[in-house]
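Taking it in order: structure first as structure tokens, then the write-up.
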Amino acid sequence: MITEECINCGACEPECPVEAITAGEEIYEIDPSKCVECEGHYDEPQCAAVCPTDACVPDPEHPKS
Ligand code: SF4
């Protein structure tokens, strides 16, 4: 998920291998039904790796299954 720490820099959007990130009305958003936490693509979630404000964090309401 993306928290209100987001400053709308847009860095995360092109890094997502499953196109789960889009610009929302106020801040960027991650579609939890698409997000695979980069498993099978990279060693770590790429949005969190590039985010300058640490706004990309695990969503407690959508734990990894
Ligand atoms: Fe927001 Fe971080 Fe994505 Fe930039 S990289 S748009 S600050 S969530």
Side-chain angles (χ1 to χ4, degrees):
M1 62 177 284
I2 293 176
T3 69
E4 59 190 21
E5 302 287 308
C6 176
I7 56 170
N8 288 312
C9 74
C12 53
E13 186 180 4
E15 301 300 327
C16 180
V18 296
E19 297 181 359
I21 301 177
T22 52
E25 276 186 29
E26 291 183 9
I27 56 174
Y28 278 71
E29 297 172 346
I30 296 175
D31 181 344
S33 69
K34 288 186 180 175
C35 176
V36 295
E37 297 192 10
C38 287
E39 218 166 275
H41 297 276
Y42 299 101
D43 291 338
E44 59 179 348
Q46 295 300 286
C47 55
V50 300
C51 181
T53 65
D54 294 332
C56 302
V57 297
D59 183 348
E61 291 191 13
H62 296 96
K64 198 152 131 185
S65 56

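Along the sequence shown, the residues carry numbers beginning at 1.
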Show me the side-chain donor-acceptor pairs of residues 3-25 shorter than 3.5 Å, one per line, residues at least two apart or across chains.
{"residue": "T3", "atom": "OG1", "partner": "E5", "partner atom": "N", "Å": "3.2"}
{"residue": "N8", "atom": "ND2", "partner": "E26", "partner atom": "O", "Å": "2.8"}

Only pairs under 3.5 Å count here: list side-chain donor-acceptor contacts from residues 54-63, not counting sequence neighbours, and write none if there are none.
{"residue": "D59", "atom": "OD1", "partner": "E61", "partner atom": "N", "Å": "2.9"}
{"residue": "D59", "atom": "OD2", "partner": "H62", "partner atom": "ND1", "Å": "2.8"}

For residues 30-42, which side-chain N or O atoms pair as donor and acceptor with protein atoms under 3.5 Å away, sequence neighbours left out?
{"residue": "D31", "atom": "OD1", "partner": "S33", "partner atom": "N", "Å": "2.9"}
{"residue": "D31", "atom": "OD1", "partner": "S33", "partner atom": "OG", "Å": "2.6"}
{"residue": "D31", "atom": "OD2", "partner": "S33", "partner atom": "OG", "Å": "3.3"}
{"residue": "E39", "atom": "OE1", "partner": "K64", "partner atom": "NZ", "Å": "2.9"}

